[in-house]
Visitor: 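Let me give you the structure first, and then I'll get to my questions.
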Amino acid sequence: MKTAKPLIAGNWKMNGLRADAVALAEAVAADAAASADVCEVAVFPPFTALDAVAGALSGSPVALGGQDCHEAEAGAHTSCISAEMLADLGCRYVILGHSERRHGRRETSETVHDKARAAFRAGLTPIVCVGETRAQRIRGMTTEAIADQVFGSVPDAEGPMMFAYEPVWAIGTGKTATVEDIARIHDWLARLLHALGRDCEGSPILYGGSVKPDNAAAILAVEEVGGLLVGGASLDAEAFGAVIRAAG
Ligand code: 13P
């Protein structure tokens with residue numbers, strides 16, 4: 001079932017010095033304010049720009065999120081950022097288990113599970129990413145791969161939670177899954193989450209993977225799509241503004 005308003009989320013990945021990030025955030029804030037009746041908007045800047053972007057977004061409807069967090073609250077974890085630190089900066093969300101961490105940094109579902117618990121502890125909403133690789137898709141293992149990630153990553157603990165279906169082969173490639181594929185996987189994933197006690201209404205499923213202004217409206221029209229997780233197009237104020245407007 002569709003949530004009242006879709007979430008349009010911009011994952012900036014490792015892009016943007018503070019001045020660029022602030023300029024982009026200001027543009028996003030203006031577009032989000034104009035579309036506040038039809039969608040929620042969130043941005044996920046790199047850690048180094050979170051504080052500056054939080055300032056730029058003050059008073060705007062745009063929510064802030066981190067791109068990852070550590071599972072511990074504090075301690076001897078050189079280079080890591082805790083969920084509490086993100087909350088302290090004004091974050092509402094944290095992306096967990098992105099394929100660039102699962103596959104790029106060999107992060108396991110067990111670690112994603114522990115990070116999701118940490119997010120709950122800090123009062124953040126985790127957005128857990130799942131998705132099959134190209135090889136898994138070719139072998140017909142798409143649902144097995146996603147089910148493994150879901151079973152391994154989703155904690156029993158209560159807390160608001162979101163998911164993002166991001167087929168790995170569609171990320172940054174310009175190859176978007178077809179609307180039919182997205183509908184099939186989202187419908188199946190929604191039923192799997194329901195069986196785990198995580199109803200889609202409380203745990204909406206975003207789609208991510210080469211979302212652009214020209215495909216956003218069609219993807220958002222899919223019944224079980226609760227929003228979009230946008231990478232490359234979220235770095236361009238004009239393109240991201242067009243994706244936001246597609247929600248209307
Ligand atoms: P692209 O939109 O660049 O394909 O990236 C998607 C993504 O990884 C969002 O988290």
Side-chain angles (χ1 to χ4, degrees), residues 6-16 20-21 24 28 31 39-47 49-50 53 62-69 86 91-105 107 112 115-116 119 124-134 136-137 142 145-146 149 153 161-179 181-182 185-186 189 204-220 222 225-247:
L7 175 67
I8 310 298
N11 176 8
W12 296 357
K13 307 193 179 184
M14 197 175 74
N15 294 291
D20 310 318
L24 180 55
V28 173
D31 286 322
C39 65
E40 310 275 357
V41 177
V43 292
F44 297 77
F47 293 134
L50 277 171
V53 169
V62 181
L64 192 62
Q67 296 176 16
D68 186 33
C69 70
L86 295 179
C91 288
R92 187 189 304 169
Y93 298 105
V94 59
I95 295 172
L96 297 178
H98 191 281
S99 77
E100 285 149 20
R101 296 208 57 87
R102 286 186 191 269
H103 301 288
R105 314 300 294 178
E107 188 164 293
V112 176
K115 290 180 174 188
L124 300 177
T125 299
I127 302 179
V128 172
C129 302
V130 296
E132 80 285 5
T133 62
R134 187 168 169 276
Q136 287 166 331
R137 176 179 162 87
T142 295
I146 298 172
Q149 292 171 335
S153 310
M161 190 162 187
M162 300 178 80
F163 294 85
Y165 170 51
E166 297 207 309
V168 180
W169 50 269
I171 295 177
T173 58
K175 293 187 189 124
T176 322
T178 62
V179 166
D181 274 347
I182 296 171
I185 298 296
H186 275 243
L189 186 51
I205 308 168
L206 313 181
Y207 170 80
S210 295
V211 172
K212 307 279 180 234
D214 61 358
N215 59 22
I219 298 171
L220 280 170
V222 175
V225 169
L228 302 170
L229 185 51
V230 188
S234 73
L235 296 171
D236 179 306
E238 210 166 298
F240 195 58
V243 172
I244 291 171
R245 285 189 292 281

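The structure displayed is predicted, hence computed values, not measured ones. Indexing begins at 1, ligand by ligand and atom by atom, following the structure's order.
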Visitor: So, does Gln67 use its side chain to make a donor-acceptor pair with the main chain of Phe44 at under 3.5 Å?
Guide: yes
Visitor: So is there a nitrogen or oxygen of Gly208 less than 3.5 Å from a nitrogen or oxygen in ligand 1?
Guide: no
Visitor: Can you tell me which residue pairs pass the side-chain hydrogen bond (donor to acceptor under 3.5 Å, both in side chains) test with a partner in residues 228-238, sequence neighbours excluded?
Guide: none
Visitor: Based purely on interatomic distance, does Thr173 place a nitrogen or oxygen under 3.5 Å from a nitrogen or oxygen of ligand 1?
Guide: no
Visitor: Taking only non-hydrogen atoms of Ser210, do any sit less than 4.0 angstrom from ligand 1?
Guide: yes
Visitor: Hey, is ligand 1 close enough to Gly172 that some N/O pair sits below 3.5 Å?
Guide: yes
Visitor: Short question: side chain of Glu132, backbone of Ile146 - any donor-acceptor pair under 3.5 Å?
Guide: no
Visitor: Starting from atom 7 (C) of ligand 1, find the nearest protein heavy-atom neighbour and note its residue, name and distance.
Guide: Glu166 OE2, 3.2 Å
Visitor: Rounded to the nearest 0.5 Å, what separation is found between the CZ atom of Arg92 and the CG atom of Leu124?
Guide: 11.0 Å
Visitor: With heavy atoms under 4.0 Å as the rule, classify the contact between Ile171 and ligand 1 as side chain, backbone, both or neither.
Guide: both
Visitor: Geometry only, no angles: is Gly232 polar-contacting ligand 1 at N/O separations under 3.5 Å?
Guide: yes
Visitor: Any donor-acceptor pair under 3.5 Å linking the side chain of Ser210 with the backbone of Ala170?
Guide: yes
Visitor: Using a 3.5 Å distance criterion without hydrogens, assess whether the side chain of Asn15 forms a donor-acceptor pair with backbone atoms of Trp12.
Guide: yes
Visitor: Need the ligand 1 atom indices (1-based, order shown) with element for anything under 4.0 Å from a heavy-atom of Asn11.
Guide: 9 (C), 10 (O)
Visitor: Can you figure out which of Glu100, Gln67, Lys13 has its heavy atom closest to atom 8 (O) of ligand 1?
Guide: Lys13
Visitor: Number the atoms of ligand 1 from 1 as they appear, then name those within less than 4.0 Å of a heavy atom of Leu229, with their elements.
Guide: 9 (C), 10 (O)
Visitor: With heavy atoms only and a cut-off of under 4.0 Å, state how Ala170 meets ligand 1: side chain, backbone, both or neither.
Guide: backbone
Visitor: Starting from atom 2 (O) of ligand 1, what is the nearest protein heavy atom, named by residue and atom, and what distance separates them?
Guide: Gly231 N, 2.9 Å
Visitor: For Arg102, check salt bridge (charged side-chain N to carboxylate O under 4.0 Å, His left out) against everything at least two apart and list the hits.
Guide: none
Visitor: Is the shortest distance from a Lys or Arg side-chain nitrogen in Arg105 or Asp68 to a carboxylate oxygen in the other one below 4.0 Å?
Guide: no
Visitor: Classify the ring geometry between Tyr207 and His186 as parallel (under 30°), tilted (30 to 60°) or perpendicular (over 60°).
Guide: tilted
Visitor: Do any heavy atoms of Cys129 fall under 4.0 Å from ligand 1?
Guide: no
